[in-house]
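These notes concern the structure reproduced below.
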Amino acid sequence: MSVRIGLVGLGTIARAQHLPAIADTDGVTLAAIASRNAALDNVPCHRDIVALLAAEDAVNAISLCTPPQGRFDQAMAALRAGRHLMLEKPPGATLSEVHALADEAARRGLTIFATWHSREAAAVQAARDWLATRNLEKVRIDWCEDVRKWHPGQDWVWRAGGLGVFDPGINALSILTALVPGVLLTGADLHIPQGRETPIAADLGLRAGDTVIDAHFDWRQQGDELWRIRFDTDDGSLTLDQGGAVATVDGQPLAQGENREYARLYARFRDLVAAGESEVDLAPLRLVSDAFLTGTPHVTEPFTE
Ligand code: NAP
């Protein structure tokens, strides 16, 4: 079955990744968009998802590229209108929301796909294969970028539910939880600029069995971003760099490749729809949630764009 997508929220990621990936994926077409501010040529455009759902019977799937706050009502509207659903990460502002969506999709026999794009990065599978035959001793995550470069004007990341530095940090946790089973949070320090609602930096303590895992997320990075996870084993160290695009072992190349993250996500969504299946893994969002539940907040200097 062809997946005819209604894309909602024409912001940074929709334009940079979703539109090209849809155009690139067999069996997936862009059938309509909903945007408060923008329009595209040659595609029916609606002001919001309610208008799109009312007007576009041929749209059989919705892809939500809006911020996590407010996404639940849009997602529920899509499911109640009988459409399959693909969610940008994080899949919701709360865990309960996503459970409710998964239940609703199951009740209606619809596909729901909570995506984690970083899991599709070029070297992640090679890292999984390499780690599978070794004993993991220690993991260190450094996920640091300049918020002014990557999130200019995105007010929602600073409001409750917008995750702050966990918006990129959850990408690291999505890779970690795909490669290492049973990760638990042991402690967190959240550095929140005075007058803001979400952290600009966070330090997490985690563990998986006896494996100690440290994570440092920081939006105050100057210069190039650092999106790195280092896995120390009893038989060498593997480093995933550039957000999972490059893997080295003890400094020697293991794997790398072009960025096909979103093309893979849309192909997977098409295949899930065809198979009548869903995929909702909440492990990364659970860890972030635990950090907000138990982390120690520290007020830092005010942030201005
Ligand atoms: P963005 O640039 O702010 O775009 C979000 C779009 O959602 C807006 O342009 C707007 O589109 C729509 N929207 C609807 N309600 C909104 C509201 N109350 N406030 C702001 N926008 C609203 O954000 P983004 O970077 O594309 O991120 C969207 C989602 O994708 C987030 O969950 C984010 O974590 C995820 N993501 C982002 C990136 C990245 O590099 N930026 C990478 C991977 C995943 P209209 O004006 O068309 O209505």
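Since the structure is predicted, the reported quantities are computational estimates derived from the model, not experimental observations. For the numbers below, each heavy atom of this structure counts, side chains included, while hydrogens, waters and symmetry mates do not. Ligands are counted one by one from 1 in listed order, and the atoms in each one are counted from 1 as well.
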For residues H84 and F113, establish whether the separation of their ring centroids is below 6.0 Å.
no

Looking at the rings of F303 and W158, which for Trp means the six-membered one, are their centres under 6.0 Å apart?
yes

Which class fits the ring pair H298 and H191: parallel under 30°, tilted 30 to 60°, perpendicular over 60°?
parallel

Starting from the N and O atoms of ligand 1, find every protein N or O within less than 3.5 Å and list the pair with its distance.
unit_1: ligand 1; atom_1: 2 (O); unit_2: T12; atom_2: N; d: 3.0
unit_1: ligand 1; atom_1: 2 (O); unit_2: T12; atom_2: OG1; d: 2.6
unit_1: ligand 1; atom_1: 2 (O); unit_2: Q154; atom_2: NE2; d: 3.0
unit_1: ligand 1; atom_1: 3 (O); unit_2: W156; atom_2: NE1; d: 2.9
unit_1: ligand 1; atom_1: 11 (O); unit_2: L10; atom_2: N; d: 3.4
unit_1: ligand 1; atom_1: 21 (N); unit_2: R36; atom_2: NH2; d: 3.3
unit_1: ligand 1; atom_1: 23 (O); unit_2: Q154; atom_2: NE2; d: 3.3
unit_1: ligand 1; atom_1: 25 (O); unit_2: Q154; atom_2: NE2; d: 2.9
unit_1: ligand 1; atom_1: 26 (O); unit_2: T12; atom_2: N; d: 3.3
unit_1: ligand 1; atom_1: 26 (O); unit_2: I13; atom_2: N; d: 2.9
unit_1: ligand 1; atom_1: 32 (O); unit_2: R71; atom_2: NH2; d: 2.9
unit_1: ligand 1; atom_1: 32 (O); unit_2: K89; atom_2: O; d: 2.9
unit_1: ligand 1; atom_1: 34 (O); unit_2: K89; atom_2: O; d: 3.1
unit_1: ligand 1; atom_1: 34 (O); unit_2: K89; atom_2: NZ; d: 3.1
unit_1: ligand 1; atom_1: 34 (O); unit_2: D167; atom_2: OD1; d: 2.6
unit_1: ligand 1; atom_1: 46 (O); unit_2: N37; atom_2: ND2; d: 2.6
unit_1: ligand 1; atom_1: 47 (O); unit_2: L10; atom_2: N; d: 2.8
unit_1: ligand 1; atom_1: 47 (O); unit_2: S35; atom_2: OG; d: 2.4
unit_1: ligand 1; atom_1: 48 (O); unit_2: R36; atom_2: N; d: 2.8
unit_1: ligand 1; atom_1: 48 (O); unit_2: R36; atom_2: NE; d: 3.2

Testing I141, L240, T239 for side-chain contact (heavy atoms from CB on, under 4.5 Å) with R228, which one passes?
T239

To the nearest 0.5 Å, tell me how far E279 CD sits from R268 CZ.
4.5 Å

Under a 4.5 Å cut-off applied to non-hydrogen side-chain atoms, are L179 and V139 in contact?
no

